[in-house]
Novice: 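To start, I am sharing the structure in question, which I have written as structure tokens.
Chain A is the first sequence line, chain B the second, and so forth, proteins listed ahead of strands; every chain is numbered from 1.
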Amino acid sequence: MPDLRLTNTLSRQQETLVPAERTPDGRPRLRFYSCGPTVYSYAHIGNFRTFLTADLVVRVAEALDWSVAYVSNITDVGHLTNDDVADADGEDKMAKALRSKEGEAFPTVYDLARHYATALEDDWKRLNLRQPWVRPRATEHVTEQIEAVERLIASGHAYATDEAVYFSVTSFPAYGRLSGNTLDTPLLEAVRDVVVDEGKRDPRDFALWKRDDHHLMQWYAPFGPDRDFKGFPGWHIECSAMARKYLGDTLDLHAGGEDLIFPHHECEIAQSEALTGKPFARHWLHTRFLQVEGEKMSKSKGNFYTVRDLVEPTEAAAALGFPRGVDPLALRYALLSGQYKKPLNFTRKALHDSAKAVERYRSARTLAEAAAQANAPGDSGLSTALNDAYTRTLAALCDDLNTPAAFAAALDGVKAIEAARDGMNGAAAQAALDWLDRTNALLGVVVSDYALPSAAPAEPTGPPAEVLALVDERAAARAAKDFAASDRLRDALAALGWTVQDTPAGQEIVPLG
RNA sequence: GGUGCCGUGGCCGAGAGGUUAGGCAAGGGUCUGCAAAACCCUGUACAGCGGUUCGAAUCCGCUCGGCACCUCCA
């Protein structure tokens with residue numbers, strides 16, 4: 001088994017990921033936490049690029065026969081748009097979403113959060129991501145967060161003002177180790193010094209809890225002199241609390257988008273390590289941003305896509321050349337087509353390329369299934385080439401999740417199956433199916449693990465009778481070698497929206513577009 | 001201003017001091033009534049300018065361009 005090497009943001013170098021713990025039967029046990037989204041709207045494809053990075057780690061770990069404890073949270077507490085400002089004038093994004101046009105459908109923020117959390121899980125399945133072992137929600141772990149804050153206050157790492165509880169950054173000298181924004185960085189102080197709270201001791205301190213009895217979500221917390229601090233938790237503390245609850249004091253791996261390096265992950269490290277005295281995560285993995293057609297994805301530029309925008313038959317999908325919606329596995333392929341540690345340019349063309357690639361896997365599978373059915377005698381001549389392709393695919397993924405190299409290696413396997421298409425005996429077909437399963441376990445682009453949600457467009461039930469009549473007529477014309485008539489009929493079919501192709505098995509009709 | 005990262009052929013995207021990445025597109029061919037599909041062949045790229053080296057896309061410096069974070073953000 002190859003080593004799994006990943007770039008560690010802490011050292012900015014590739015390091016071999018070695019789980020600290022083993023299961024009773026001696027397998028490595030990976031403790032892995034991946035930051036999920038705030039559920040105030042539908043997750044976009046950039047979010048999913050990050051989740052796909054985590055998904056690959058899980059798949060590779062499974063292929064290496066590790067036991068994987070994979071936790072991916074949902075942030076369903078609305079946090080102020082300015083995390084350091086403790087006054088209640090700032091509006092949090094969940095509250096903002098509730099007041100938006102889409103938000104009118106929801107009676108409360110809780111309903112809104114529930115809706116978008118469900119949507120996230122649907123999209124998760126559409127893109128064929130592995131389910132986490134636990135998907136904890138911030139609102140269901142407020143007790144754990146309050147306990148963590150209490151302990152931080154007790155140990156002198158945090159203090160309460162009239163308005164909030166802050167983590168004292170100077171009490172944790174290693175602050176800045178992850179991002180490079182260390183305590184001697186002069187502007188960190190200047191930029192964060194926009195706080196109106198007079199009681200804040202250092203402008204760089206960040207909030208663990210905010211007192212706010214107007215916030216849409218609020219809980220009683222025993223902070224402050226009167227031990228009555230009705231309010232809501234700071235953004236960073238939820239991950240520290242939930243990671244610790246499910247995975248213990250020290251994680252093997254913690255992942256997220258590159259924007260989380262600072263302040264979110266930096267603050268998590270400070271809180272967690274101040275709390276436990278132990279290293280929080282041994283390895284940090286961050287996914288670079290996705291761009292669309294060479295530009296930053298943004299709603300104002302019209303290049304902002306959610307998964308459902310592309311997968312369902314929407315105007316957005318049609319504008320990209322997919323009137324019936326993009327094959328979810330093609331979208332998955334496109335989002336994996338670049339290595340996580342480099343920016344990826346998501347383009348219309350890349351999406352079309354990906355759709356073709358996914359189609360090749362699918363047709364290889366069809367070929368193999370047919371040959372398995374026929375089950376002609378003979379030895380498999382395919383096993384060696386396919387085993388080699390698998391080994392190289394896995395090796396590429398172990399080399400810092402090098403997905404382009406992995407896809408290149410896997411495609412060699414597809415080619416081997418295509419080349420064997422006519423002479424494939426039963427043994428070769430079994431080898432092909434086996435290889436497709438193993439490769440699918442690694443990359444997830446051959447078939448989905450999930451029955452697609454009902455939103456998946458139903459395939460048309462077949463061509464209408466008039467089309468079938470023309471096809472029959474054309475078969476007759478071809479049999480009579482009346483090719484002029486045959487070509488006229490092909491044009492007639494095209495006018496009805498169908499393409500006809502001649503294959504060794506006869507005519508094949510597919511809808512245009 | 002600070003912190004971190006990137007710039008490869010028509011497009012997407014690996015590689016990383018001396019040996020073909022790969023895909024898609026394009027051109028040529030085989031096959032087919034014609035198409036389609038499939039298969040075979042073809043491209044010669046590393047932002048610019050200096051430097052180190054026998055040798056640099058790969059190391060160093062500068063310049064230009066882009067991205068992220070420093071304020072909610074995957």
Novice: Base, sugar-phosphate alone, or nothing: which one does A:D487 contact when heavy atoms must sit under 4.0 Å apart?
Specialist: base

Novice: Could you state the atom-to-atom distance from CG of A:L183 to P of B:rC70 in whole Å?
Specialist: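 Atom-to-atom, A:L183 to B:rC70, this comes out as 17 Å.
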
Novice: Do A:R332 and A:D55 sit within salt-bridge range, that is, some charged N less than 4.0 Å from a carboxylate O?
Specialist: yes

Novice: Distance check, C1' atoms only: B:rU44 and B:rA35, in whole angstrom units.
Specialist: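 Looking at atom C1' only, B:rU44 and B:rA35 are 33 Å apart.
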
Novice: For the residue pair A:F232 and A:H215, does the interplanar ring angle fall in the parallel (under 30°), tilted (30 to 60°) or perpendicular (over 60°) class?
Specialist: parallel

Novice: Respond yes when some side-chain nitrogen or oxygen of A:K96 is under 4.0 Å from OP1 or OP2 of B:rC72, and no when none is.
Specialist: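 No.
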
Novice: For a quick check under 3.5 Å, do A:Y333 and A:D353 share a side-chain donor-acceptor pair by atom type?
Specialist: no

Novice: So what's B:rA38 paired with, Watson-Crick or G-U wobble, going by both distances under 3.5 Å?
Specialist: B:rU30

Novice: What integer distance in Å separates A:L335:CG from B:rG13:P?
Specialist: 12 Å

Novice: Under 6.0 Å between the ring centres of A:Y42 and A:H115?
Specialist: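 Here the rings of A:H115 and A:Y42 have centres that are less than 6.0 Å from each other.
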
Novice: At a heavy-atom distance below 4.0 Å, what parts of residues 351-367 of chain A sit against RNA chain B?
Specialist: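 Heavy-atom contacts with RNA chain B come from A:D353, A:K356, A:R360.
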
Novice: Round to a whole Å and report the spacing from CG of A:L489 to P of B:rG33.
Specialist: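 These atoms are roughly 18 Å apart.
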
Novice: Would you check if the distance from the ring center of A:W435 to the ring center of A:Y390 is below 6.0 Å?
Specialist: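 They do not qualify: ring centres at least 6.0 Å apart.
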
Novice: Which letters describe nucleotides 63-69 of chain B, given B = protein heavy atom under 4.0 Å from base, S = only from sugar-phosphate, - = neither?
Specialist: ----BSS

Novice: Distance check needed: B:rG13 P versus A:D400 CG, whole Å only.
Specialist: 17 Å

Novice: Is the shortest distance from a Lys or Arg side-chain nitrogen in A:E359 or A:R362 to a carboxylate oxygen in the other one below 4.0 Å?
Specialist: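 Salt bridge present between A:E359 and A:R362.
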
Novice: Looking only at atom C1', what distance separates B:rC12 and B:rG4, rounded to whole Å?
Specialist: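 Approximately 25 Å lies between the C1' atom of B:rC12 and that of B:rG4.
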
Novice: Classify A:R12 by what it touches in the nucleic acid, base, sugar-phosphate, or nothing, heavy-atom distance under 4.0 Å.
Specialist: sugar-phosphate

Novice: Answer yes or no: is there a donor N or O on one side and an acceptor on the other, between the side chain of A:D202 and the main chain of A:R204, under 3.5 Å?
Specialist: yes

Novice: Taking 4.0 Å as the cut-off, does a side-chain nitrogen or oxygen of A:K342 come that near to OP1 or OP2 on B:rG7?
Specialist: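 It does, given that an N or O in the side chain of A:K342 lies less than 4.0 Å from OP1 or OP2 of B:rG7.
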
Novice: Could you give the distance separating B:rG29 and B:rC64 at their C1' atoms, to the nearest angstrom?
Specialist: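 Between the two C1' atoms, the distance is 44 Å.
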
Novice: Is the distance from the ring center of A:H265 to that of A:H254 below 6.0 Å?
Specialist: yes

Novice: Mind checking the P distance from B:rG1 to B:rA56? Whole angstroms is fine.
Specialist: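 That atom pair is separated by 34 Å.
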
